[in-house]
Every structure is written in C-alpha cells, then in structure tokens.
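In this text the structure is predicted, and so the values were computed from the model without any measurement.
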Amino acid sequence: MRAIAHELIALLERLAALGPLPRVKRLLLPPPGADGTHAGEFCAVELDDGSLGLSFVLLGDTLAQLRGGAGERLAAMPALELARCYAESEGVQRTLGFAAVNALTRHLFDRAGYAPPPAQGSTGDLALQPGDHVGMVGLFPPLVKQVLATGARLTVVELREDLVGAHEGWHVTLDPAELRGCNKVLSTSTVLLNDTLDALLGHCRGAERIALIGPGASCLPDPLFERGVTLLGGSWIADAEGFKNALLAGTSWSGCARKTAIARDAWPGAAALLARAALVQR
C-alpha cells in the first residue's frame, strides 16, 4: 500500500487545478568522484520555474541506472506526470517521482509565500531529556553522541545486519518492533522511498514525538501528520545556483541550503497554502 504517496499526489493534483504547473527542466546528478560522501547521496530535479526537489539515490542500483541514462528524456516532461511515478512506479522512476514531488512542493511554497521554519538542532527538535527512550530509524553516527549526552537511551533500527550489536547506552537491532518501547522516534526520510514507512509508524503508536528528517523530507507533511508524525525536517535551498554547481561538482552544498523543521502544531495546512496560491493565480 502506498496511501501516503497517493495522498501527496492528490494534493498536487489540487495545485494543478489552479492552473498550469511547471515542466521538468533537467536532472542533476552528483559525479562519481562524490561516491561515498554525503554530497553523492542525492539527485535533484529542476523545474523550468527554478524549483528544485531532492531524492535519495543510494537504494539498490538507482544511482547506477541514473548514470546509465535512466534519467534522460525528462526535459519538458510535465512535472506532475513525473511526480505520479512516486505513487505508481518502482525503483529509479519512483526516486525521480519523489524528487518531482519535492520540487512541486517548493513551487507551491513559493507561490503561497510560505517558508518552513529553521530547525533548532540536529535531532528533529525532539526536546530530548534524561529518561527518554529514543528510537532511531537508520543509523545517524554523528547524532548518537548527541542523543546519549542528553541522558536518553537509544535503540537504532537498521536494515544492515553488519551494524547489529550492543554498545554502551545504545544498541542496533534489525527488529522494528523494538520501537514500541520508545517514547520519541527519529527517522531518516529514506523511509519515504523504501516502502517501510507504514510498518514503521505502526510500531510507533505509543511515541509522543516522531520526527522524519533528511534532505528528502521536503514534501507536503499533511499525510504524515495525519498518521502520527509530529515533525518533518527537510532542506530549503536558499542559493539555487550555488546548490546546483556544488551538486554537479560533488562538493558540499550545505552552505546553499538550510535545515527546516515543520512542526505539526504550527503547520498551516496544505489547504491553506492552496488557497493562497489560488489568490496569486488570479
């Protein structure tokens, strides 16, 4: 089931009903020299209005396929047509579709005059404190020390068996059911692509806070908030030209973007943004 993906596309269909949407301008890929670095983990779809959307490329052979030409012939494709691949396709086409979803989300944000608030930290604004039991979906090595420094316990759920093991104050497991004992959950946004999100949220019903973070977490948050997610933390590209140059060169683009944090209780709602966009269209 890909209910979340279909709901995101339905929201973008409502945007399309307001008037013509931009088309795809091009696909931007990191060079082989960036392999193994953070700069080599994401592609970007650029629309002809300048909107950019990111998507993670290290699932399966996605990056190899893209470099082999799987992303060719995207130029001038209606962006919504590509976005539909997120809900209807598999593999590399789904990856490209998600990038288009994020690009169209940025298009809507700009039309509606909305900019997501900046993140207050690297741990998804979870307000960690002693006594918390944090579930981390996908190992974020730089964040482990930050979590433990707050006095919280940490359980990491991974797909890689070679990472499984116990450490002082934390452990790594393959069993997502262990999230049921966590009161706060921090997840990589890769779950939006690898078909694990629904199962993940099913194990987090007892959590008081659930944050999805990562450069790819830049879609409309409504379907996620309706399912218990409390914060969506993505990336806002502030310097488009600098970002594109850095991605194509395989260098860090962190200086061209800022981390964002959309909290459920402060989100105006997609309906409100669509209403604002409708006024602009007139």
Report all side-chain donor-acceptor pairs from residues 3-10 shorter than 3.5 Å, counting only partners two or more places apart or in another chain.
{"from": "Glu7", "atom 1": "OE1", "to": "Arg227", "atom 2": "NH1", "distance (Å)": "3.1"}
{"from": "Glu7", "atom 1": "OE2", "to": "Arg227", "atom 2": "NH2", "distance (Å)": "2.6"}

Worksheet item: Who passes side-chain hydrogen bond (donor to acceptor under 3.5 Å, both in side chains) against Ser252, sequence neighbours left out?
Response: Ser254
Practice prompt. Sort out for me which residue in Met136, Arg160, Glu158 forms a side chain to side chain contact (heavy atoms under 4.5 Å, CB included) with Val172.
Written response: Glu158
Worksheet item: Within a strict 4.5 Å, meaning less than it, do heavy atoms of the Phe109 and Pro116 side chains meet?
Response: yes
Response to the item:
All heavy atoms of Ala39 vs all of Pro30, minimum pair found to be O-CB, 3.5 Å
Worksheet item: How long is the span from the CZ atom in Arg23 to the CG atom in Leu74, to the nearest 0.5 Å?
Response: 13.0 Å
Discussion item. Please evaluate residues Leu52 and Lys244 with respect to the criterion side chain to side chain contact (heavy atoms under 4.5 Å, CB included), reporting the C-alpha separation (whole Å), side-chain torsions for both, the decisive distance (0.1 Å), and the verdict.
Written reply: CA-CA 9 Å; Leu52 290 157; Lys244 290 184 288 185; 4.3 Å; yes
Practice prompt. Give a yes or no on whether Val92 and Leu58 share a hydrophobic cluster (residues Ile, Leu, Val, Met, Phe, Trp, Tyr; joining criterion: side-chain heavy atoms under 4.5 Å apart).
Written response: yes
Item to complete: Measure up the Trp253 and His38 rings against each other and bin them: parallel (under 30°), tilted (30 to 60°), perpendicular (over 60°).
Response: tilted
Practice prompt. State, yes or no, whether a side-chain contact exists between Asp35 and Leu63 at a heavy-atom distance under 4.5 Å.
Written response: yes
Worksheet entry | Pairs meeting criterion salt bridge (charged side-chain N to carboxylate O under 4.0 Å, His left out) with involvement of residues 252-275, two or more places apart | none
Fill in: Note, Thr260 side chain near Ser218 side chain (heavy atom, < 4.5 Å)
no
Discussion item. Test your reading of the model: is there a side-chain donor-acceptor pair from Gln120 to the backbone of Pro118, 3.5 Å cut-off?
Written reply: yes
Discussion item. For the CG atom of Leu12 and the CG atom of Leu274, what is their distance to the nearest 0.5 Å?
Written reply: 8.5 Å
Taking only distance into account, with no hydrogens and no angle test, what donor-acceptor pairs under 3.5 Å do side-chain atoms of residues 126-135 form with protein atoms, sequence neighbours excluded?
{"from": "Asp132", "atom 1": "OD1", "to": "Asn183", "atom 2": "ND2", "distance (Å)": "2.8"}
{"from": "Asp132", "atom 1": "OD2", "to": "Gln129", "atom 2": "N", "distance (Å)": "2.9"}
{"from": "Asp132", "atom 1": "OD2", "to": "Lys184", "atom 2": "NZ", "distance (Å)": "2.9"}
{"from": "His133", "atom 1": "ND1", "to": "Arg153", "atom 2": "NH2", "distance (Å)": "3.4"}
{"from": "His133", "atom 1": "ND1", "to": "Gly181", "atom 2": "O", "distance (Å)": "3.1"}
{"from": "His133", "atom 1": "NE2", "to": "Thr155", "atom 2": "OG1", "distance (Å)": "2.8"}

Fill in: Minimum side-chain heavy-atom gap Asn102-Arg106 below 4.5 Å
no
Worksheet entry | Side chain to side chain, Ser55 and Leu193, heavy atoms closer than 4.5 Å | yes
Worksheet item: Does Leu174 share a hydrophobic cluster with Leu200, counting links as ILVMFWY side-chain heavy atoms below 4.5 Å and allowing steps through other members?
Response: no
Worksheet entry | Atom of Gly214, atom of Ser189 and distance for their closest heavy-atom approach | CA-OG, 3.6 Å
Item to complete: Would you mind reporting whether Leu220 and Leu108 have side-chain heavy atoms less than 4.5 Å apart?
Response: yes
Worksheet item: Got a sec, which residues hit ring-ring contact (aromatic ring centres under 6.0 Å, His included) with Trp170, two or more places apart in sequence or on another chain?
Response: His167
Worksheet item: Distance from Arg26 atom CZ to Leu248 atom CG, nearest 0.5 Å?
Response: 6.0 Å
Item to complete: Check step by step if side chain to side chain contact (heavy atoms under 4.5 Å, CB included) holds for Cys219 and Leu232.
Response: CA-CA 9 Å; Cys219 58; Leu232 188 66; 4.3 Å; yes
Practice prompt. Tell me, please, which residues at least two apart from Glu90 pass side-chain hydrogen bond (donor to acceptor under 3.5 Å, both in side chains).
Written response: Arg2
Discussion item. Just verifying a value: how many Å separate Leu231 CG and Ile210 CD1, rounded to the nearest 0.5 Å?
Written reply: 11.0 Å
Practice prompt. Could you walk me through whether Asp48 and Val24 pass the side chain to side chain contact (heavy atoms under 4.5 Å, CB included) test, one step at a time?
Written response: CA-CA 6 Å; Asp48 61 15; Val24 175; over 6 Å; no
Worksheet, complete the sentence: The salt bridge (Lys or Arg N to Asp or Glu O under 4.0 Å) partners of Asp222 (sequence neighbours excluded) come to none
Discussion item. Show every salt bridge (charged side-chain N to carboxylate O under 4.0 Å, His left out) that has at least one partner inside residues 70-84, sequence neighbours left out.
Written reply: Glu13-Arg84
Fill in: Nearest-0.5 Å distance, OG1 of residue Thr105 to CG of residue Asp110
11.0 Å
Worksheet item: For Phe140, what residues pass the ring-ring contact (aromatic ring centres under 6.0 Å, His included) criterion, not counting sequence neighbours?
Response: none
Item to complete: Evaluate the ring pair (Phe, Tyr, Trp, His ring centres under 6.0 Å) criterion for residues Tyr114 and Trp267: first the C-alpha distance (whole Å), next the side-chain angles of each, then the deciding distance (0.1 Å), finally the verdict.
Response: CA-CA 10 Å; Tyr114 173 80; Trp267 168 239; 5.4 Å; yes
Practice prompt. Find out whether Asn194 and Leu159 are in side-chain contact, i.e. whether some heavy atom of one side chain is under 4.5 Å from a heavy atom of the other.
Written response: yes
Item to complete: Return the set of residues passing side-chain hydrogen bond (donor to acceptor under 3.5 Å, both in side chains) with Glu178 (not counting sequence neighbours), or none when no residue passes.
Response: His171, Thr173
Fill in: From CD (Glu41) to CG (Leu54), nearest 0.5 Å
11.5 Å
Worksheet, complete the sentence: In short, Val157 meets Pro176 closest at the heavy-atom pair CG1-CA, 3.9 Å
Worksheet, complete the sentence: residues 174-207 vs ring pair (Phe, Tyr, Trp, His ring centres under 6.0 Å), sequence neighbours excluded, gives none
Discussion item. Side chain to side chain contact (heavy atoms under 4.5 Å, CB included) for Leu27 and Cys43? Distances and angles first, verdict last.
Written reply: CA-CA 7 Å; Leu27 170 69; Cys43 71; 4.1 Å; yes
Worksheet, complete the sentence: Looking only at heavy atoms, the pair that brings Ala119 and Ala261 closest together is CA-CB, 3.7 Å
Practice prompt. Under the side-chain hydrogen bond (donor to acceptor under 3.5 Å, both in side chains) rule, collect the residues that match up with Asp239, sequence neighbours excluded.
Written response: none
Worksheet item: Is any side-chain heavy atom of Leu192 closer than 4.5 Å to a side-chain heavy atom of Leu224?
Response: yes
Fill in: Ala79 versus Leu47, closest heavy-atom pair with distance
CB-CD2, 3.7 Å
Practice prompt. Provide the closest heavy-atom pair for Ala70 versus Leu96 in the form atom of the first, atom of the second, distance.
Written response: O-CD1, 4.2 Å
